[in-house]
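Computed from a predicted structure; not experimentally measured. The figures here come from the full heavy-atom set of this structure, side chains too, leaving out hydrogens, waters and symmetry mates. Just so you know, ligand 1 is whichever comes first in the structure, and atom 1 is the first atom listed for that ligand.
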Amino acid sequence: MGYDFKSVEKKWQDKWEETGVFHAVDFSDKPKFYGLVEFPYPSGAGMHVGHIKAYSGLEVISRKRRMQGYNVLFPIGFDAYGLPTENYAIKTGIHPRKVTDMNIERFSSQLKKVGFSFDWTRVIDTTQEGYYKWTQWIFLKMFEHGLAFRDKTLVNYCPSCKVVLSNEDSQGGKCDICHSDIVQKSKDVWYLRITKYADKLLEGLDEVDYLPNIKLQQRNWIGKSTGAFVDFDVKGSDNEKLKIYTTRPDTLFGVTFMVMAPEHPMIDKYADRIANMDEITGYRKECAKKTEFERTQLVKEKTGVKIDGLSGINPVNGKEIPIYISDYVMMGYGTGAIMAVPAHDTRDYEFAKVFGLPIIEVVKGGDVTKEAFTDCATGIMTNSGFLDGLTVEEAKVKIKEWLTENGKGTPKVNYKLRDWVFSRQRYWGEPIPIVHCDKCGYVALPESELPLTLPDVESYMPTDNGESPLSTLDSFINTTCPHCGGPAKRETDTMPQWAGSSWYFLRYCDPHNKNELASKEALDYWMPVDWYNGGMEHTTLHLLYSRFWHKFLYDIGVTTTKEPYMKRTSHGMILGEDGQKMSKSRGNVINPDDVVKEYGADTLRLYEMFIGDFEKTAPWSPSSIKGCKRFLDRVWALQDCLVEGDEFREPLIASFHKTIKKVSEDIENLKFNTAIAAMMGLINEIYAQGSINHAELKTLLMLLNPFAPHITEEMWQAIGCEGRVYQQT
Ligand code: ANZ
Ligand code: ZN
């Protein structure tokens, strides 16, 4: 008897939907489990096989949790604001609203065809007024608490997308969206003061169970370092001090030159005393063309210009120190100037070699005639006056005391983390609910005026001047000041795509609430997320941003837990058959619809869990899909050798218990592939044995159900078992 997956899968999917069996129950007495997957961006390309893998991990775990007696919340939604939709809309002339609705519908039907056990009553779409009202509300709260502010700054500007990008959206000096080169442009923008939360974001990592490399990424991005500001007197000036930031004040005796960022304001201040100002101006012009990424790359040859007319005085020994400008020093970090210790810093070493500057060893242990000795955290000080003979650790303490006592410097903690550029000059995003009044400045809209709806416009083309398309809409811009009632103008920038995804996990707890972003009771019951799985590409920024918003909401009493996610894991990407990243241009993209059509949803699910280690990348393999299909056919055919019996029999009894243990444990450790392999092994043993009894088949169906829910429900019913598999314990 053949297995007709087409009609069977559809039948069960309809039943699940009609009966609402996977709806999460608010406030049930059962223990709760909140499993979260990263909600998709509903792109025009439809779903990717990578999405299936991304959701299958927690799908299996959620189904297992239900069978373990948990009340499970396993939601899905759509992160639907963003540039690709807007760009598509511009190209085709179809309004972004329409494009988004079409794409969401397509994604939903694709997800349902795979049989995921999502709670479809809690679907979120970040572009709906009922949702973004609260995104705007959170922004206003941040504004109220001084965490949203305006600043003029050099921003990363993509001339092709005509949009200002955050550093994270322009890594490598390229636009994340269109991959063109970024240029630097001065602009007034909205910022979120994430730096205020740097320490909380670091400390919180001790409370959560994230994969070690994910914690490391969070820590590195925050980049906390402990060091000191040191003041060098500037010779040739009136009492001027050149302040530097260093993590190694213990190496002060090894300073042989200093470097300022090309943009350093001291240069302009003393322009009339600098003999080679022309040369310096020329160098500065060259630097202005480069992105931060180009400037900080280690591999390139060091360049710079010596400032002729200014030099520093080393506070520890009174030595005169030449000052250079060079693009390897950034204006935006520390003080924009450094003391260079070529013996113990690689970049300084390279610079010293190019400019023929002296190299003085101050920590013993390396060979500084060959290279910088940087691995010197445990070394002994030398050539360092009153620090000689101390360990590096001791010297750090002593020099900080000395600097403080002598008024030459102060201990200082520094962070790599920058404030978050929160403005986008595009149409398809949440309007920023702020009004600008000539008298009152930037004024928040009252809460009663939320949501500030995105106007439904005919033209959402970017403007030529880099301003938002909303800036061309007089009816939108002109308003009255909520504070003084006088004429005022609305903010025309919109929020970045990161906004909607920074709090969506809260909305799932109470998605239809009209009065609050979610009720306290619902948040109390469901939060924190017990397990969050997503792509490795989101373990830095999305995780950091959403933890920041959550911590802020905790501080103002909205949320009840300090951290949003108790556990975070990541899955590996699925590559094309050729081992390359799947992409339209390479023509190696696999459409999940085709696989479902040919082999069925159970086979696709099983295959994606079997394809290799869940956390690693794996190439697509058609022959392996066929193997998974064959396995399911063999499971189906077990009905032909079914015999009576309500206990495991010798000699299968040990194998059954081993498989139960292995599948249960492997699922918890994301070892889905070996769990499936164990079931395949068991089936071989059963066939070797010649028969399977009722109790044995029931057990096998329960074990397999989280992976292949359709075929197992069908067989469960066919062999006359009570209830449904997902109701079993
Ligand atoms: C002297 C020194 C000696 C340094 C040594 C390092 C090793 P993190 O850990 O990233 O905070 N630095 C400071 N400000 C800079 C800027 N604006 N642009 C480029 N480099 C800058 O590193 C801080 C170190 O990076 C500082 O400590 C400084 O070099 C450099 F053996 O000072 B150090
Ligand atoms: Zn006003």
Side-chain angles (χ1 to χ4, degrees), residues 154 167 195 198 202 216 219-232 242-267 287 290-298 300 302-304 312 314-316 321 323-352 357-366 368 371-384 387 391-393 395-396 399-400 403 408-418:
L154 272 187
N167 287 341
T195 51
L202 273 178
L216 186 67
R219 290 208 172 93
N220 286 347
W221 195 266
I222 297 166
K224 181 174 183 169
S225 70
T226 8
F229 284 142
V230 182
D231 293 323
F232 284 63
L242 180 51
K243 190 191 268 306
I244 62 97
Y245 173 69
T246 177
T247 46
R248 298 296 311 274
D250 52 302
T251 62
L252 256 166
F253 286 90
V255 175
T256 58
F257 59 101
M258 299 178 81
V259 186
M260 294 199 256
E263 304 84 3
H264 201 286
M266 190 181 286
I267 299 167
C287 296
K290 293 186 197 164
T291 62
E292 177 158 334
F293 178 76
E294 285 171 294
R295 287 177 52 166
T296 46
Q297 259 188 332
L298 261 182
K300 60 150 213 187
K302 293 280 173 294
T303 58
N314 191 333
V316 289
I321 310 283
I323 306 174
Y324 288 76
I325 60 167
S326 172
D327 64 1
Y328 80 90
V329 173
M330 293 297 131
M331 197 56 227
Y333 187 66
T335 64
I338 65 159
M339 61 180 221
V341 185
H344 303 287
D345 182 281
T346 307
R347 292 167 307 171
D348 299 346
Y349 191 90
E350 291 165 356
F351 192 90
L357 292 156
I359 295 168
I360 303 175
E361 180 187 60
V362 290
V363 183
K364 285 192 265 194
V368 301
E371 60 180 359
F373 175 50
T374 56
D375 189 19
C376 54
T378 54
I380 301 292
M381 304 306 298
T382 185
N383 296 325
S384 291
L387 299 177
T391 63
V392 165
E393 282 313 308
K396 277 187 174 162
I399 190 71
K400 281 185 201 166
L403 287 167
K408 298 288 186 189
T410 40
K412 169 74 184 164
V413 172
N414 236 333
Y415 299 88
K416 289 259 153 58
L417 185 67
R418 298 282 83 126

Below a 4.0 angstrom heavy-atom separation, can you tell me which part of R347, side chain or backbone, both or neither, approaches ligand 1?
side chain

Apply the side chain to side chain contact (heavy atoms under 4.5 Å, CB included) test between H264 and each candidate in L242, V259, I325, V329; give the one that qualifies.
L242

Numbered atoms of ligand 1 (with element) below 4.0 Å of M339, judged on heavy atoms
1 (C), 32 (O)

Say whether G334 and ligand 1 are in contact under the criterion: heavy-atom distance to a ligand atom below 4.0 Å.
no

Which residue and heavy atom of the protein sit nearest atom 19 (C) of ligand 1, plus the separation
Y328 O, 3.4 Å

May I ask whether N414 has any heavy atom positioned less than 4.0 angstrom from an atom of ligand 1?
no

Which protein heavy atom lies closest to atom 29 (O) of ligand 1, and at what distance to 0.1 Å?
D345 OD2, 4.4 Å

Pairs of nitrogen or oxygen atoms closer than 3.5 Å, one from R248 and one from ligand 1: do any exist?
no

Within the structure, does T247 bring an N/O atom to less than 3.5 angstrom of an N/O atom in ligand 1?
yes

If we only count N/O pairs under 3.5 Å, is Y333 in contact with ligand 1?
yes

To the nearest 0.5 Å, what is the distance between NZ (K396) and CE (M381)?
10.0 Å

Considering distance alone, does some N or O of T246 sit under 3.5 Å from an N or O of ligand 1?
yes

So the atoms of ligand 1 within less than 4.0 Å of a heavy atom of K416 turn out to be 8 (P), 10 (O)

With rounding to the nearest 0.5 angstrom, report the OG1 to CZ distance, T374 to R347.
11.5 Å

for atom 12 (N) of ligand 1, nearest protein heavy atom and its distance come out as I338 CG2, 3.4 Å

With heavy atoms and a 4.0 Å threshold, my read on which part of V329 contacts ligand 1 is both

